[in-house]
Amino acid sequence: MDEHATSHYCRERGIFIHHVAQWKDELMVKAKTETIDTKLRSEIRALKDENKALKRELARKEKARAETAALITLRKKGGWKMES
């Protein structure tokens, strides 16, 4: 709307022009904040997924390390021989 139409609209509704400008600014800030929040949420979700995958991989490697340590211990005690 041009300035004349905005003035007419405000007079009909009993509001001031500077209120319309203030509301517009507040809505623009809120829209930007919501966009940023959405981006942050998606980034947080990606980081959580990556963290979960890394924890799974670490647990798998820990199990393999424990099994290897047990096999080495058995071999040293002479209770088991590794096949080549």
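A salt bridge links Lys61 with Glu57: at least one charged nitrogen is closer than 4.0 Å to a carboxylate oxygen.
Taking CG of Leu40 as the reference point, atom CZ of Arg45 lies at 14.0 Å (rounded to 0.5 Å). For the atom pair CG of Leu58 and CZ of Arg65, the computed distance is 10.0 Å after rounding to the nearest 0.5 Å. Atom CD1 of Ile44 and atom CG of Asp49 lie 12.0 Å apart (nearest 0.5 Å).
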**OP:** Starting from the C-alpha separation in whole Å, work towards a yes-or-no answer on side chain to side chain contact (heavy atoms under 4.5 Å, CB included) for Lys55 and Lys52.
**Re:** CA-CA 5 Å; Lys55 283 182 178 181; Lys52 189 176 181 180; 5.8 Å; no

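Cys10 and Val20 get closest at one heavy-atom pair: SG-CG2, 3.6 Å.
Between Glu50 and Leu47 there is a side-chain heavy-atom pair separated by less than 4.5 Å.
Checked by atom type, the side-chain pair His18/Gln22 shows no donor-acceptor distance below 3.5 Å.
Atom CD of Glu67 sits in a sparse spot, with 12 or fewer heavy atoms from other residues, nucleotides or ligands closer than 6.0 Å. Atom CD of Glu43 sits in a sparse spot, with 12 or fewer heavy atoms from other residues, nucleotides or ligands closer than 6.0 Å.
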